[in-house]
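The first residue in the sequence is number 1, and the count goes up from there.
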Amino acid sequence: MPSKKALVRRPGPRLAEGLVTHVERRAVDVGLAVEQWEAYVGTLRAHGWETVEVEPVDDCPDAVFVEDTVVMYRNVALITRPGAASRRPETLGVEEAVAGLGCSVHWIWEPATLEGGDVLKVDDTLYVGRGGRTNAAGVQQLRAAFEPLGARVVTVPVSTVLHLKSAVTALPDGTVVGHPPVVDHPSLFPRFLPVPEESGGHVVLLGDGKLLMAASAPKTAELLADLGHEPVLVDISEFEKLEGCVTCLSVRVRELYA
Ligand SMILES: NC(=O)NCCC[C@H](N)C(=O)O
């Protein structure tokens, strides 16, 4: 059944200690981050999404990046096994949250690793980034979980950024958008639109043609508005310092079975 729920997880007090891999560490203002997170959640709600807060885990600095802990396909929630060991305790609360929503719950098992930021869904195609956080066994387990349900899994090498969705996401018509310097193989996508900013490659589909995007991508927002989309900008500067983007702060649950 169509649903419009989104999982989110409030940032904890140790947010500033979050992992950084491809960027220099910069000081994070945790108070500002909380304000930005509240504005992000408020924007989801203003566009008709019922937000469901996963229990916070104060000991896990990166827990706010809830997208990495679960991959949704139809009514099935695949709980991940993050490549970053410090992030593995994050999954327990997410399991409880998706079970509470009535999802069918599956798991990625050792030795596989997979993070949700590496999975880009375009209709029934699941592009999966094989980079620093998702290994070959993770790709195989993703395939085993979802191909029998009708998905097609396509592996995409990722070498310069944290996750596949740090490089590319997709517009409502399925066109993949990304900033060419961080996209390893644009030709793997049937339709690819280059955008002028790295964070311009990150869009969350709010519905009705609206695209949630970071305020740090004004030129891309202008380009996409000119193409007939409706960007809605939010400032997530404190999360960007930790290699986060608009996609990673929520998980949309659109097909509950009940
Ligand atoms: N899906 C995402 O883009 N997640 C961002 C995770 C950032 C976090 N600091 C990490 O390195 O795991």
Side-chain angles (χ1 to χ4, degrees), residues 9 14-26 28 57 60-72 78-91 94 107-122 125-146 153-170 176-189 192 197-204 214 216 236 238-251:
R9 199 172 213 175
R14 293 181 53 195
L15 176 71
E17 299 164 47
L19 297 169
V20 287
T21 309
H22 297 273
V23 301
E24 292 276 306
R25 184 171 291 282
R26 284 182 292 154
V28 171
V57 258
C60 293
D62 286 304
V64 68
F65 303 115
V66 65
E67 169 184 62
D68 294 322
T69 53
V70 60
V71 177
M72 289 299 311
L78 180 62
I79 302 294
T80 68
R81 181 167 181 270
S86 66
R87 299 200 56 187
R88 290 187 191 146
E90 294 175 24
T91 56
V94 176
W107 288 266
I108 293 284
W109 296 100
E110 193 176 359
T113 65
L114 178 112
E115 295 193 1
D118 274 320
V119 182
L120 170 66
K121 223 176 317 165
V122 183
T125 301
L126 302 185
Y127 294 100
V128 55
R130 167 66 189 92
R133 299 281 180 87
T134 294
N135 64 16
V139 174
Q140 282 165 5
Q141 290 188 19
L142 180 75
R143 195 171 271 140
F146 292 142
V153 171
V154 176
T155 314
V156 181
V158 174
S159 64
T160 58
V161 282
L162 187 62
H163 292 125
L164 175 63
K165 284 165 81 177
S166 320
V168 292
T169 56
V176 170
V177 287
H179 186 50
V182 296
V183 184
D184 288 32
H185 300 291
S187 62
L188 285 173
F189 307 106
F192 178 76
E197 293 136 325
E198 185 171 329
S199 57
H202 314 148
V203 302
V204 174
S216 58
I236 53 158
E238 300 316 290
F239 301 105
E240 288 174 327
K241 289 175 182 170
L242 297 168
E243 291 177 275
C245 32
V246 278
T247 58
C248 59
L249 296 171
S250 59
V251 177

- request: Applying side-chain contact (heavy atoms from CB on, under 4.5 Å), run through Lys165 and Val119 and close with a yes or a no.
  value: CA-CA 7 Å; Lys165 284 165 81 177; Val119 182; 5.7 Å; no
In chain order, what residues pass the salt bridge (charged side-chain N to carboxylate O under 4.0 Å, His left out) check against [X], with sequence neighbours excluded?
X	answer
Arg9	none
Asp68	Arg87
Lys241	Glu238

message: According to side-chain contact (heavy atoms from CB on, under 4.5 Å), who are the partners of Val23, at least two apart in sequence or on a separate chain?
response: Val20, Glu243
Do [X] and [Y] have side chains that get closer than 4.5 Å, going by heavy atoms?
X	Y	result
Asp118	Leu114	no
Leu126	Val154	no
Arg88	Pro82	yes
Val128	Thr134	yes
Asp184	Thr160	yes
Leu162	Arg133	yes
Leu78	Val70	no
Thr80	Trp107	no

Might you point out which heavy atoms bring [X] and [Y] nearest each other, and give the distance in Å?
X	Y	value
Thr69	Val66	OG1-O, 2.6 Å
Ala84	Leu19	CB-CD1, 3.6 Å
His202	Val246	O-CG2, 3.5 Å
Cys60	Glu90	CB-CG, 3.8 Å
Asn135	Pro111	ND2-O, 3.0 Å
Gly200	Val177	O-CG2, 4.2 Å

Under 3.5 Å, sequence neighbours excluded: what are the donor-acceptor pairs made by side chains of residues 136-145?
| unit_1 | atom_1 | unit_2 | atom_2 | d |
| --- | --- | --- | --- | --- |
| Gln141 | OE1 | Trp109 | N | 2.7 |
| Gln141 | NE2 | Trp109 | O | 3.1 |

Quick one: pull up [atom1] in [X] and [atom2] in [Y] and give me the separation to the nearest 0.5 Å.
X	Y	atom1	atom2	result
Asp62	Ser86	CG	OG	6.0 Å
Thr247	Ile236	OG1	CD1	8.0 Å
Cys245	Phe65	SG	CZ	8.5 Å
Leu164	Leu120	CG	CG	5.5 Å
His185	Ser159	NE2	OG	7.5 Å

task: Evaluate side-chain contact (heavy atoms from CB on, under 4.5 Å) for Phe146 paired with Val71, printing each intermediate quantity in order.
output: CA-CA 10 Å; Phe146 292 142; Val71 177; 3.8 Å; yes
Pair Ser216-Ser199, side-chain donor/acceptor within less than 3.5 Å: yes
message: Checking Val168 against His163 for the side-chain contact (heavy atoms from CB on, under 4.5 Å) test, could you report, in this order, the C-alpha distance in whole Å, the side-chain angles of both residues, the deciding distance, and whether it holds?
response: CA-CA 9 Å; Val168 292; His163 292 125; over 6 Å; no
- prompt: Is Arg81 salt-bridged to Glu115, going by a charged N under 4.0 Å from an acidic O?
  reply: no
- request: With side-chain contact (heavy atoms from CB on, under 4.5 Å) as the test, would you mind laying out the steps for Tyr127 and Val122 before giving the verdict?
  value: CA-CA 8 Å; Tyr127 294 100; Val122 183; 3.8 Å; yes
message: Among residues at least two apart in sequence or on other chains, which ones pass ring-ring contact (aromatic ring centres under 6.0 Å, His included) with Phe192?
response: none
